[in-house]
Amino acid sequence: MTDESSNVRDVVGVKPAAVLAKAFEIRTVGDLLRHYPRRYFERGELADLSELRPGEQVTVQVRVVKVDAHQIRPKLHKTDVTVTDGTGRLVATFFNQKHLPRVLAPEMEIMLAGEVERFRGKLQLKQPDIALGANGLVEDAGKLVPVYPATKSLQSWALRRSIAHALHVTDVLETLPAELLERRGLVGRADALRMIHEPEDFGDVERARERLRYDEAFVLQVVLAQRRNLLALEPAKARAARAGGLLEAFDASLPFELTAGQREVGARLLADLARDVPMHRLLQGEVGSGKTVVALRAMLAVVDSGGQAALLAPTEVLAQQHARSIAALLGPLGQGGQLGAAEEATKIALVTGSMSAAARRSTLLDIGIGDAGIVIGTHALLENTVRFFDLGLVVVDEQHRFGVEQRDALRSKADTPPHVLVMTATPIPRTVAMTVYGDLETSTLTELPAGRQPISTTVVPTADKPGWLERVWARAREEVAAGRQVYVVCPRIDGGDDEQVGDLTEHGDGWAATATVVDIAPMLSNGPLEGLRIDVLHGRMAADAKDEVMQRFAAGNADVLVATTVIEVGVDVPNATAMIVLDADRFGISQLHQLRGRIGRGAHAGVCLLVTGAEAGTAARERLEGVAATLDGFQLARLDLEQRREGDVLGQSQSGRRSQLKLLRLLRDEDVIEMARADAIALVEADPTLDRHERLRDAAEALAADERADYLGKT
Ligand code: ADP
Ligand code: MG
């Protein structure tokens, strides 16, 4: 007998094992057994070809009449398979499955499943799932025939055979305590795996999925519970603000009143910092909710206690901006070492990749001897040459731009584990917070500072309303005439650029015509925005050029900034009131929400115009309408996740990156996740090292060690 940790080679042989590893990252027998069917063919109740209607999802058992293969273009191969069931005919078309003509022949019995379409007046199935029958592969299966995510070289039926064999020879061990199985009414692991791969009926499939879904949630929550326990055991230095110190002086000098949320979260952070276990807290807050000042107050408390605080920002533009705005907020309190500075003042250090060698040397010295209490920087902060005197707090801004390695690299610069605060403006639905960020405590800023003006968002469809684009530029001129400023965002820098593309890869035939910064800026200055002061900003500009542009815009010395998504996060210019996004369908929901967050930050109302060539009724258009319909980041995050889920499902059948969470869906399975979390916390509390749950411990270790578990890494 093999077990789940055995090499898959032992079960399927060397060559198929290589294919499995390459196509699906399947390396162990357990990986293979967790390669679950995407769907099932149900035998017996088959659709009648003469009754098919376009738009229907059908499964048909049919006989092959003929197979026609064509090379349409160099990289496009098409196979038309004409089939019959005696009552009618149908053509199934397959693209780039060159092996099909070799395995299909007239008179063969096959099963097809897919959506019926009408093409040139005839019914067809485009790219259906297929199962072969004539060689006995379907006949030897039960009433439900599983269909697996497959590749060209490893077809579903071959996978079915390998998995059936693996099930037969593997000793599947139970990972859950019997008490838990019983309390939650779950089937055993061995049964579940058999029932999902070789179900008798859909009831089997459901019970199997329920159990395996719970498994995914539970093992993950066990890992997270253990991790939280470990973190809590680490010693840390308590960092408390002192009376008459920097924080107090800062609070007294603040030009605005903190919101209730800022005060509440602030108090929470100060309480965390005053404990001798390291803080691990996630601060989420809507764009513009004022996270920076909350973080700054925590940083000042640490400086008060004699330590240093580091703020890590994802881009140079943002690091520069933080340095400027923190210097402005602190005033004389941030000019330590200079003449006339306040007595309790500290020094602010900025570390970026583009500093001159001399500036870098003196800055690193300030950091090394502890003169700089507040250190702000980009990835350049993580380099080995950056040494702290006594790093007490690490703040990571816009956490979603970083990985765990980067946070750890910064953490490791402290002698004792520092306190950690990560901030994100990308709202995180509860279940995601419980899984992806499950080892962090969470705080949320829900309100915006008083006096913020509303933002109205409008989708501008150029396909059905061509005249609207003129209105867009007229509106831009109106804003500028009123003394305001305008962002124009393009998906790309220029025609040859792939990097700055919005985070969606799907695109129609508009690819060639996608707006680029390099084309749009002159087009505007020679056309609809003639006479206005127009600047450009993108990721390929030199760092100091970028900073110069940003400063000019922030100072109000440019009217229009034509940019890529370099301005997506953090940029804070309260006088900017219009955000015009070109080819908006090329951006994801959260990106658009972030971009929109660049306006409405001051005393004036904002307008966000999402220009798109996407046709009414398309998914892209719906996504944009969704963004326009609400300013609620949490609602948008849900929408985003729902849409991505579909993307993941598609992605699975096409190979590529694949998550450890195969059955669990973060939104749909909220109740499963909550249940598993409660169970995991109770179990880890009773048995922290899992000595009494050996197999569970193995499963948890395997998950934690699995470098592919990158969703754990995001914390
Ligand atoms: P985000 O949470 O998106 O990072 P910021 O920290 O950049 O938001 O804050 C946005 C703007 O609001 C900044 O200009 C900041 O100085 C200002 N701000 C923060 N808190 C308040 C407040 N309580 N009242 C007024 N303005 C505030
Ligand atoms: Mg911010």
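In listed order, ligands and their atoms are each counted from 1. What you see is a predicted model; the values in this text were computed from it and never measured.
Where the criterion is an N or O separation shorter than 3.5 Å, residue side chain and backbone included, V293 fails it with respect to ligand 1. An N or O contact shorter than 3.5 Å links G288 to ligand 1 by distance.
Close approach to T259 involves these atoms of ligand 1, each under 4.0 Å from a residue heavy atom: 23 (N). Taking every heavy atom of E257 and a limit of under 4.0 angstrom, the matching atoms of ligand 1 come to 22 (C), 23 (N), 24 (N). Listed by atom number, the atoms of ligand 1 under 4.0 Å from S289 heavy atoms are 2 (O), 8 (O).
Among all protein heavy atoms, the one lying closest to atom 10 (C) of ligand 1 is R601 NH2, 3.4 Å. Ranking the protein heavy atoms by distance from atom 9 (O) of ligand 1 puts G290 CA, 3.5 Å first. Protein heavy atom in closest approach to atom 26 (N) of ligand 1: F256 CD2, 3.7 Å. When hydrogens are left out, the protein atom nearest atom 11 (C) of ligand 1 is R452 NH2, 3.3 Å; that is the closest non-hydrogen contact. Closest to atom 20 (N) of ligand 1, if we only count protein heavy atoms, is Q262 NE2, 2.9 Å. Scanning the protein heavy atoms around atom 2 (O) of ligand 1, the nearest turns out to be K291 NZ, 2.7 Å.
Residue-level proximity to ligand 1 for M423 is absent, since no heavy atom of it falls below 4.0 angstrom.
Between R471 and E478 there is a salt bridge, since a side-chain N of the basic residue sits under 4.0 Å from a carboxylate O of the acidic one. For the pair R621 and D585, the salt-bridge criterion is not met [side-chain N within less than 4.0 Å of a carboxylate O].
Side-chain atoms of Q485 never come within 3.5 Å of backbone atoms of T577 as a donor-acceptor pair (strictly under, hydrogens ignored).
Residues V395 and L312 fail the side-chain proximity criterion, which asks for heavy atoms closer than 4.5 Å. Side-chain contact between F587 and L624: absent, with no pair of heavy atoms (C-beta onward) separated by less than 4.5 Å. Contact check for L270 versus L247: side-chain heavy atoms found under the 4.5 Å cut-off. Between T565 and I567, every side-chain heavy-atom pair lies at or beyond the 4.5 Å cut-off.
Closest to atom 15 (C) of ligand 1 by heavy atom, among T292, V573, D572, is D572.
Across Q308, M299, H322, a single residue satisfies side chain to side chain contact (heavy atoms under 4.5 Å, CB included) together with I374, and that is M299. Test V566, T378, D544 against E316 for side chain to side chain contact (heavy atoms under 4.5 Å, CB included) and you get one pass: T378.
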